[in-house]
Amino acid sequence: MNLLYMMIEVLASTTETLLILNTGIHVSEPIYSMKEKGKSVCLCTAIITTYITCINTWFPFSFLTPIGSIIFSAFAIKKVLSNGKWLPCFTVCVLAMFVIQSIDYILVTGYGLLLGNPRKAFYDILVPGKTRMAYLLVDKSCDALLYYRFRPHITKLAQLRNKSIVWLFVCTVLAYSTMQYLAAMMLYGNFIQLQGAALISFSALLCFIIILAFSMIAVTSSEQEKATNRLLTTMNQMMENNYYLMNQSIMDNAKGLHDFRHHLAVINSLAQKEYCRSITEYVASISSSYLWSAHLCRSGSDIIDAIINTKLVEAKQKRIQFEYTTTIQDLASFEPADICGVLANQLENAFEACENIVEDRKVTLDIQQHEGFVLFKVTNSVAKNPFQSNSSLVSTKAGDSKTHGLGLRNIRDISQKYNGRLESKYIDGVFISTVLICSPTN
């Protein structure tokens, strides 16, 4: 019977070691094939299990036993089983041992509460016998089930950044140390020591809550950042489609007006033959109206043409003097939605500033492309220096708060996407917005 109990003890230690080693391998890069890895894991497991068995024989329930197991396991994972780094290996080993021993203490304490004497129940479980054998079977079964339940998620630990791994290691070591201290207090502690244990527990809980709060804030900020980026991408695509549709409407109107002008010429010719002065004067007044004064942009880029042509019409309606020059070679390496996001937002901000001016409303656009670099320069009149009262140029428009201030951020994000920059400055009643972007293929 003693041999059976010893075999159960060895099997329990083997199970713990296997779980720790496999957990560590999941967050590292294995250096063997499946067959070779199996042999190496078995060899390392046998060595670590032998160590645990010897230590338990000499010093039963020693707190040094799990520490040695963690060190040997991390060494085996780093030097024998994988190409992992020391910090992730130690972190995973400490975390795995913390989970394993937490389950141990939960089961022991639960059993003790059922009996009404936790300390006596603990010593009963330490003594080889049927009670300890049943406990080990239940305990290691829980460890194995927990491992297989969360095994698909363990590999995600490998995706953590170094800073996150450091924080996880520190928190895990503190949690493990606190757990071991509390376990010792349950067995040997007096009132003063229990007070110390309570102090440590409260401090650990406070740190946990603080870390949890900051983690939730970081996650929320990250989610908001992703949502904002998705919103900006959607807005750019919608603006692109809208400008294309408006430009198509403008082009259709221009064609219709062009044909209508020919009809007026015919009518004017017939009226002159018939000496109908009133008709010729009316036709002349129509021919000289603003309908013929707008020259549509044909820069070579559909999206730029769409934006400029739309703004030409808007400038007429808002009495803004809008001038532009474009020198474009090839914008195929840029996303049309990104070009739209930059130029449309620049011009919208310029037009909005001009609407606050009664006289001398003027917007000038200059687009220059040299090799892989494209420069967008928009100059507009302003009523006052915007940096005096709004240094960050945050939007002050009323309306949907979800889209407030996104125009400037949209321009900045797109310029950074193409390794460029955004510059804004004020000089003598004029606001200048300059965006430089670089082709990804340059």
Side-chain angles (χ1 to χ4, degrees), residues 1-25 28 32 36-82 84 86 89-109 111 119 121-144 146-147 172-173 175-177 179-188:
M1 185 63 70
N2 290 334
L3 180 61
L4 177 61
Y5 294 153
M6 184 176 295
M7 292 176 60
I8 294 295
E9 293 287 345
V10 173
L11 181 61
S13 299
T14 302
T15 302
E16 287 184 4
T17 306
L18 276 172
L19 293 177
I20 294 174
L21 291 177
N22 280 290
T23 302
I25 292 172
S28 305
Y32 297 110
E36 294 173 333
K37 186 179 74 173
K39 293 180 180 179
S40 301
V41 170
C42 289
L43 177 61
C44 293
T45 301
I47 295 173
I48 297 173
T49 301
T50 303
Y51 159 78
I52 294 173
T53 302
C54 294
I55 296 297
N56 285 337
T57 301
W58 297 329
F59 306 102
F61 195 67
S62 171
F63 291 113
L64 295 177
T65 305
I67 295 176
S69 177
I70 291 172
I71 295 174
F72 284 127
S73 298
F75 181 85
I77 294 169
K78 173 67 177 70
K79 292 295 186 180
V80 180
L81 302 175
S82 72
W86 279 113
C89 290
F90 268 107
T91 301
V92 171
C93 289
V94 176
L95 182 60
M97 183 62 75
F98 172 72
V99 173
I100 289 173
Q101 293 206 326
S102 294
I103 296 174
D104 295 347
Y105 293 142
I106 289 172
L107 292 177
V108 169
T109 305
Y111 176 68
R119 182 171 296 187
F122 184 84
Y123 285 112
D124 288 343
I125 288 178
L126 279 181
V127 177
K130 294 181 179 179
T131 301
R132 178 165 176 77
M133 185 170 64
Y135 161 75
L136 289 176
L137 290 174
V138 173
D139 182 34
K140 300 310 150 190
S141 297
C142 291
D143 292 342
L146 194 65
Y147 167 77
T172 305
V173 169
Y176 181 77
S177 302
M179 179 190 67
Q180 294 287 52
Y181 182 75
L182 291 175
M185 291 304 98
M186 287 191 300
L187 295 176
Y188 315 112

remark   = Shortest non-hydrogen pair, Cys142 vs Ile103, comes out as CB-CG2, 4.1 Å
Salt bridge (Lys or Arg N to Asp or Glu O under 4.0 Å): pairs with one or both residues in residues 4-16, sequence neighbours excluded = Glu9-Arg132, Glu16-Lys140
Heavy atoms of other groups near Tyr51 OH, more than 12 under 6.0 Å = yes
task = Report the residues that fulfil ring pair (Phe, Tyr, Trp, His ring centres under 6.0 Å) with Tyr176, sequence neighbours left out, ordered by chain and then residue number.
result = none
ask   = Do Phe90 and Phe75 touch side chain to side chain, with heavy atoms closer than 4.5 Å?
value = no
ask   = If every non-hydrogen atom of Thr45 is compared with every non-hydrogen atom of Thr17, which pair is closest and at what distance?
value = CA-CG2, 3.8 Å
key: Cys93 SG to Ile67 CD1 distance, which is reported to the nearest 0.5 Å   = 13.5 Å
note = Rounded to the nearest 0.5 Å, the OG atom of Ser73 sits from the CD1 atom of Ile47 at a distance of 11.0 Å
request  = Apply side chain to side chain contact (heavy atoms under 4.5 Å, CB included) to Thr23 and Val99, showing your working.
outcome  = CA-CA 12 Å; Thr23 302; Val99 173; over 6 Å; no
ask   = Rounded to the nearest 0.5 Å, how far does CG of Asn22 lie from CG of Leu18?
value = 6.0 Å
query = Hey, what do you get for CD1 (Ile8) to NZ (Lys130), rounding to the nearest 0.5 Å?
reply = 13.5 Å
Contact summary for Thr14 and Thr49, nearest pair of heavy atoms = OG1-CG2, 3.4 Å
task = Any chance you could measure Asp139, atom CG, to Asp104, atom CG, to the nearest 0.5 Å?
result = 4.0 Å
message = Strictly distance-based, threshold 3.5 Å: is any side-chain N or O of Ser69 a donor or acceptor partner for the main-chain N or O of Thr65?
response = no
task = Using the side-chain contact (heavy atoms from CB on, under 4.5 Å) rule, pick out the option among Thr172, Ile20, Ile100 that qualifies with Leu95.
result = Thr172
message = For the OG1 atom of Thr15 and the CG atom of Leu137, what is their distance to the nearest 0.5 Å?
response = 9.5 Å
key: Tyr135/Val108 under side chain to side chain contact (heavy atoms under 4.5 Å, CB included): CA gap, chis, key distance, verdict   = CA-CA 8 Å; Tyr135 161 75; Val108 169; 3.5 Å; yes
message = Testing the basics here: between Leu21 and Ala76, what is the closest heavy-atom pair and its distance to 0.1 Å?
response = CD2-CB, 4.2 Å
query = Among all residues two or more places apart in sequence or in another chain, which pass the side chain to side chain contact (heavy atoms under 4.5 Å, CB included) test with Ser141?
reply = none
